[in-house]
Amino acid sequence: MSYIAERSEGRAGAPLILTFHGTGGDETQFHGLAGELLPGAHVVSPRGDVSEMGAARFFRRTGEGVYDMDDLAQRTAAMGDFIAGEIERTGAGRVIGLGYSNGANILASVALDRPELVDDLVLMHPLIPWTPAPQPGLKSRRALITAGERDPIGPAHVTQALAEYLAGQGVELAVHWHPGGHEIAQSEVDAILGFLRPLAEAA
């Protein structure tokens with residue numbers, strides 16, 4: 001699968017960070033931030049290939065929070081193949097995924113389908129409105145969920161259910177809440193920096 005993507009080459013042997021934008025964003029939304037979060041890393045940022053009234057997304061939906069599950073399955077498989085190709089291309093031994101909103105959802109879906117691809121997950125304001133099947137391959141993966149306590153798009157109880165699911169699969173999980181809604185707060189960025197600090201120190 002080929003996506004329009006922004007790429008920044010890192011040092012030999014450096015980790016690979018993949019970033020996934022929210023609805024209406026593009027490949028530049030988090031690309032620069034990722035390079036700042038983990039200097040020297042390879043950074044790859046694909047653009048969603050679904051258009052919703054001109055807004056780029058990674059999979060189709062039929063309403064707010066109502067996903068086209070067949071389309072999600074197809075695009076999850078395609079994104080998994082894309083990520084595998086980028087891992088092979090860069091030779092990265094560690095892979096970090098960072099996604100916001102719709103981008104967090106495609107990242108989570110790939111992790112549920114092919115957990116071996118991404119070692120560290122940063123899921124900002126995810127919405128997984130179904131109960132995933134058990135996935136033993138998630139054991140010992142690391143994940144950070146960030147969310148707003150009053151998010152109208154990703155309700156807190158749905159976020160909490162995802163957190164409990166991931167913890168139940170043996171994921172090394174951290175959760176950061178801010179008191180607002182669907183916007184990204186500075187405290188989330190600080191939490192992401194803390195989450196990635198061990199990787200930066202090991203680089």
I would like to know whether Ile96 and Leu38 meet side-chain contact (heavy atoms from CB on, under 4.5 Å); could you show each step before the answer? CA-CA 10 Å; Ile96 301 105; Leu38 201 59; 3.8 Å; yes
Go through it in stages, so that I can follow the logic: the residues are Ser101 and His182, the test is side chain to side chain donor-acceptor pair (under 3.5 Å), and I'd like the CA-CA distance, side-chain angles, deciding distance and then a yes or no. CA-CA 8 Å; Ser101 193; His182 202 62; 2.9 Å; yes
Could you go step by step and tell me if Phe82 and Leu117 meet the side-chain contact (heavy atoms from CB on, under 4.5 Å) rule? CA-CA 10 Å; Phe82 173 80; Leu117 291 177; over 6 Å; no
Evaluation steps, salt bridge (charged side-chain N to carboxylate O under 4.0 Å, His left out), between Arg94 and Asp120: CA-CA 8 Å; Arg94 190 168 194 107; Asp120 308 271; 2.7 Å; yes
Let me see the working for Glu116 and Val95 under side-chain contact (heavy atoms from CB on, under 4.5 Å), right down to the final yes or no. CA-CA 10 Å; Glu116 74 281 1; Val95 181; over 6 Å; no
Ile184 vs Thr146, side-chain contact (heavy atoms from CB on, under 4.5 Å): CA-CA, chis, key distance, verdict: CA-CA 9 Å; Ile184 299 172; Thr146 69; over 6 Å; no
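Between the side chain of Tyr67 and the main chain of Ile128, no donor-acceptor pair closer than 3.5 Å is present. The backbone N or O of Gln135 lies less than 3.5 Å from a partner atom in the side chain of Gln169, making a donor-acceptor pair.
Using a 4.5 Å heavy-atom cutoff, the side chains of Phe59 and Met79 are not in contact. Between Arg114 and Asp81, some side-chain heavy-atom pair lies under the 4.5 Å cut-off. Proximity of Leu121 to Leu107: side-chain heavy atoms (C-beta onward) are separated by under 4.5 Å at one or more points. Under the 4.5 Å side-chain criterion, counting only non-hydrogen atoms from C-beta, Leu162 is not in contact with Thr159. Using a 4.5 Å cut-off on side-chain heavy atoms (C-beta onward), Ile145 and Leu166 make contact. No side-chain heavy atom of Pro115 sits less than 4.5 Å from a side-chain heavy atom of Val110. The side-chain heavy atoms of Glu86 and Leu16, taken from C-beta on, include a pair separated by under 4.5 Å. Leu199 has its side chain out of reach of Pro15: every pair of non-hydrogen atoms, C-beta onward, lies at least 4.5 Å apart.
Across Pro155 and Leu127, no two heavy atoms sit closer than the pair CD-CD1, 4.0 Å. The two atoms that bring Ala41 and Ala14 nearest to each other are CA-CB, 4.0 Å, heavy atoms only. The minimum heavy-atom distance linking Gly25 with Ala56 is given by the pair O-CB, 3.7 Å. Listed here is the closest heavy atom pair of Phe20 and Pro46: CE2-CG, 3.8 Å. Residue Gly93 comes nearest to Asp119 through the heavy atom pair O-OD2, 4.1 Å, listed as atom of the first residue, atom of the second, then distance. Closest heavy-atom contact between Pro179 and Arg150: O-NH1, 2.7 Å.
With sequence neighbours left out, the salt bridge (Lys or Arg N to Asp or Glu O under 4.0 Å) criterion links Asp151 to no other residue. Contacts of Glu9 classified as salt bridge (Lys or Arg N to Asp or Glu O under 4.0 Å), with partners at least two apart in sequence or in another chain: Arg89.
Rounded to the nearest 0.5 Å, atoms CG (Leu33) and CD1 (Ile192) are 7.0 Å apart. Atom CZ of Arg7 sits about 10.0 Å away from atom OG1 of Thr90, to the nearest 0.5 Å. Within the model, atoms CE of Met124 and OG1 of Thr19 stand 8.5 Å from one another, a figure rounded to the nearest 0.5 Å. Taken from CG in Leu123 to CG in Asn105, the straight-line distance is 8.5 Å, to the nearest 0.5 Å. Going from atom CZ of Arg141 over to atom CG of Leu173 covers 15.0 Å, rounded to the nearest 0.5 Å. For the atom pair NE2 of His42 and CD1 of Ile17, the computed distance is 10.5 Å after rounding to the nearest 0.5 Å.
Annotation: Glu88, atom CD; neighbour count of heavy atoms from other residues, nucleotides and ligands within 6.0 Å does not exceed 12.
Neither Val118 nor Val43 shares a network with the other; the hydrophobic side chains, linked directly or stepwise wherever heavy atoms of I, L, V, M, F, W or Y lie under 4.5 Å apart, form separate groups for each. Note on Val50: it does not cluster hydrophobically with Leu18, by side-chain heavy-atom contacts below 4.5 Å among ILVMFWY residues. Both Val122 and Val189 are assigned to one and the same hydrophobic cluster, defined by single-linkage of ILVMFWY side chains at heavy-atom distances under 4.5 Å. Cluster annotation: Trp130 is connected to Leu138 through the hydrophobic network of ILVMFWY side chains, with a link wherever side-chain heavy atoms come within less than 4.5 Å. Clustering ILVMFWY residues whenever any of their side-chain heavy atoms sit less than 4.5 angstrom apart, transitively, puts Ile4 in a cluster other than the one holding Ile83.
Between the side chains of Glu188 and His176, no donor-acceptor pair of N or O atoms lies under 3.5 Å. Using modelled atom types and a 3.5 Å distance limit, the side chains of Ser45 and His31 yield a donor-acceptor pair.
Of the residues listed (Asp70, Asp49, Asp71), the one engaging Arg60 in a salt bridge (Lys or Arg N to Asp or Glu O under 4.0 Å) is Asp71, and it is the only one.
In this structure, Tyr100 and Phe30 have perpendicular ring planes: the angle between them is above 60°, well past the 30° mark.
Seen from the ring of Phe195, Arg142 counts as a face-on cation partner, given the 6.0 Å and 45° thresholds.
Ring centroids of His21 and Phe58 are separated by less than 6.0 Å, placing the two rings close together.
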